[in-house]
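No experiment lies behind these values; they were computed from the predicted model shown.
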Amino acid sequence: MRPTFSLWLAFAGSLSSAFITRHGIGTFARSRQQPLLLFFSENNLVEAHDRSGETLPEQRDLLSQRVEDIKSIQDSIESAQNTSLINELDGSLLEIENEIARLTSGLLPPPGISTEDYVKSCVYFAKLPVRIRWALCVSLEIEDSLGAASKWDRVPEIVSRLYTERLSLTPARLESSLKSTMSSKLVPQSKNNDNSDPSIDIASAFKSQSTSRSTDSKTIENLLGVEESEENTRERRVSALLPRVTRDNDRAATEEELQTLMQLLSKELFMVSEKEKTPGGYILRGKNRCKSSAELVEKLDGRLPKEWSAQVSLTEELAILDGATTDPMLLLLKKDISPTTSSWFNAASTASAIVTAFLFSYGVYGGNNIVTSRITDPSFADDLSGFNWFNVKVLEIIVPLFAIQMSHEIGHFFVSKRDGIKTTLPTLLPCWGLPFLGSLTSLRESPKNFTSLFDFAVAGPLAGLIASMVFLITGLQLGNTATPDMAQYFPMLPVNVIKISTLGGSLVDFFAGGEGFITSQDPSLGVPMHPFAIAGFTGLVMNSLELLPLGATDGGRLSLAVFGRKGQPVFGGVAWIFLLFSAFFIERADALIGAWTVYSIAQNDSEIPCRDEITKLDVGRVALAFALWFVAVLTFVPMID
């Protein structure tokens with residue numbers, strides 16, 4: 001005698017349960033049987049062939065509505081205070097239950113299975129634990145599989161599909177499906193909760209928990225026993241890897257935008273298994289059905305409305321817990337992720353940086369006694385000609401400094417125009433020990449992928465380093481050919497300042513006469529240098545500091561593109577420790593301490609997500625990143641005596 005389908009379904013459930021037990025996840029509470037749940041009664045379905053009333057879709061709509069009505073009435077009965085109202089509500093409840101029984105009597109079994117087997121299978125499926133129902137839906141590739149597993153009016157449809165596709169549902173496939181549902185850890189209900197009502201819509205509970213903690217609906221902790229600490233852990237891990245600007249609930253992605261996205265997603269694009277509300281938007285977990293992440297993003301862009309105010313990013317799973325899936329997830333956020341920094345603050349920062357740049361330029365002339373004596377000469381005091389002369393000398397440093405910074409910004413500008421990346425205007429950052437610490441140029445919209453982010457990030461420092469090297473080498477050569485009358489008015493850098501950079505100090509020695517020609521002298525000795533050389537030396541340090549893999553700096557963007565969103569904090573942590581170490585053990589570490597202070601205040605947050613954070617960088621770009629980091633280390637690591 002051939003085994004009945006209900007026995008096969010029992011085998012599928014047993015297989016999943018055995019898998020759960022084998023992996024130490026625990027057992028699930030069995031829900032008590034209630035008349036409402038077991039509306040797939042044999043008596044109802046026996047008469048199925050005699051009915052010719054509503055169509056199946058209409059019946060499902062009515063069923064869904066009636067189940068919602070019953071839950072509402074049950075809540076009202078619990079809160080009712082007088083007997084007459086309770087009796088009235090009980091009558092309404094009985095009436096709706098009878099209508100549900102009438103509706104379910106028209107659900108026909110699929111061809112090839114007896115009514116008796118169909119009834120037993122539906123009842124058995126309804127009694128399965130949530131995770132096993134979810135896993136079976138995933139194995140059938142049903143969209144929003146968790147929601148389908150928790151909608152009782154969809155039980156006949158799911159059981160029918162399990163029967164028709166039973167040959168393809170191998171034990172290996174069932175076990176794989178169960179693994180994919182383990183991103184949410186389900187724990188057993190307490191023993192005191194054996195009488196919990198299994199008819200509650202689990203998908204709605206997920207939604208109500210995500211949107212409000214104060215909602216009257218029961219939360220998922222009460223329904224399924226999901227540990228609160230785990231949810232907090234997931235949210236904390238996601239929040240830690242995304243910038244604060246994406247977590248602004250005042251401009252978060254809306255429920256309507258989520259529904260628009262869900263309607264466009266199909267079985268061929270992305271199979272959603274879980275939806276989760278997150279600060280600033282939504283997370284959709286599931287399976288990418290396209291050949292690549294780039295193809296998925298491209299197809300979504302082609303289907304989404306052009307005027308849509310939200311955006312979708314495909315990123316790696318950010319909330320990895322024990323047993324969680326490592327499949328990519330969709331992140332739904334607002335398209336405009338502009339920083340919220342006040343324009344007044346940006347203007348004040350730029351003004352302060354200009355002031356510190358002039359103070360730096362004044363300072364490098366302070367060690368030249370000939371210059372200072374000429375400024376203070378009483379013969380120049382009446383007509384201020386001495387001050388005017390000195391201001392011209394200062395501009396000889398200020399102009400190349402800002403030219404280097406301008407080349408840095410031009411590099412960013414060209415890539416942003418090429419890739420359509422919207423950015424804010426640059427904001428200069430003042431810095432202790434330097435004229436300024438580059439500029440803050442924030443992204444207003446997400447780059448397409450890590451390649452685009454890398455190109456934008458690398459273009460600025462690379463152009464700045466090239467310009468700095470040009471000014472440094474040109475200045476050193478001009479210094480060697482300058483006449484004594486010209487050289488006597490050169491600005492000066494002390495030897496111990498030149499030695500703070502292995503690369504810069506080595507170049508100064510090389511053009512001055514050989515290894516150690518300058519840097520082996522008395523550390524307090526001032527070395528006259530052409531203004532171009534001082535500007536180039538300083539620009540070399542500033543652009544190298546920009547390459548530090550911290551937060552949303554250019555170096556932070558490079559490390560994000562190279563190591564991913566979860567690897568970047570680790571690499572950045574090493575740089576952070578180095579800066580702290582330098583504050584205590586490196587002589588004349590003013591610039592490094594200043595950089596640590598500014599980055600801790602202005603650029604301590606991570607970069608906004610790219611549209612595609614799954615596609616990795618090519619080997620050439622990764623090699624370029626490490627080459628630039630090597631140059632940066634040579635620049636701000638001091639020379640060893």
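By the side chain to side chain donor-acceptor pair (under 3.5 Å) test, Arg611 pairs with Asp301, sequence neighbours left out. Residues satisfying the side chain to side chain contact (heavy atoms under 4.5 Å, CB included) test with Gln568, not counting sequence neighbours, are Ser559, Leu560. Here Lys616 pairs with nothing under the salt bridge (charged side-chain N to carboxylate O under 4.0 Å, His left out) rule; sequence neighbours left out. With sequence neighbours left out, the side chain to side chain donor-acceptor pair (under 3.5 Å) criterion links Asp455 to Arg418, Arg621. Annotation: side chain to side chain contact (heavy atoms under 4.5 Å, CB included) contacts of Ala252 (sequence neighbours excluded): Asn249. For Lys334, the salt bridge (charged side-chain N to carboxylate O under 4.0 Å, His left out) test picks out Glu257, with sequence neighbours left out. Here Glu295 pairs with Lys299 under the salt bridge (charged side-chain N to carboxylate O under 4.0 Å, His left out) rule; sequence neighbours left out. In this view, Phe413 satisfies the ring-ring contact (aromatic ring centres under 6.0 Å, His included) rule with no residue, not counting sequence neighbours. By the side chain to side chain contact (heavy atoms under 4.5 Å, CB included) test, Asn449 pairs with Thr451, Ser452, Asp612, sequence neighbours left out. The side chain to side chain contact (heavy atoms under 4.5 Å, CB included) search around Phe414 returns Ile410, not counting sequence neighbours. Listed by chain and number, the residues in a ring-ring contact (aromatic ring centres under 6.0 Å, His included) with Phe454 amount to none (sequence neighbours excluded).
Using modelled atom types, one side-chain atom of Thr260 and one backbone atom of Glu256 make a donor-acceptor pair closer than 3.5 Å.
Using a 4.0 Å cut-off between a side-chain N of Lys or Arg and a carboxylate O of Asp or Glu, Glu613 and Arg565 qualify as a salt bridge. Note on Glu276 versus Arg285: salt bridge recorded, some NZ/NE/NH1/NH2 to OD/OE distance being below 4.0 Å.
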In residues 544-551, what donor-acceptor pairs under 3.5 Å come from side-chain atoms, sequence neighbours left out?
from   : atom 1 : to     : atom 2 : distance (Å)
Ser544 : OG     : Leu540 : O      : 2.8
Ser544 : OG     : Thr635 : OG1    : 3.1
Glu546 : OE2    : Ser439 : N      : 3.4

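When ring centroids are compared, Trp576 and Phe571 stay outside the 6.0 Å threshold.
A side-chain N or O of Ser293 and one of Thr615 form a donor-acceptor pair less than 3.5 Å apart.
Within 6.0 Å of NZ in Lys448 there are 12 or fewer heavy atoms belonging to other residues, nucleotides or ligands.
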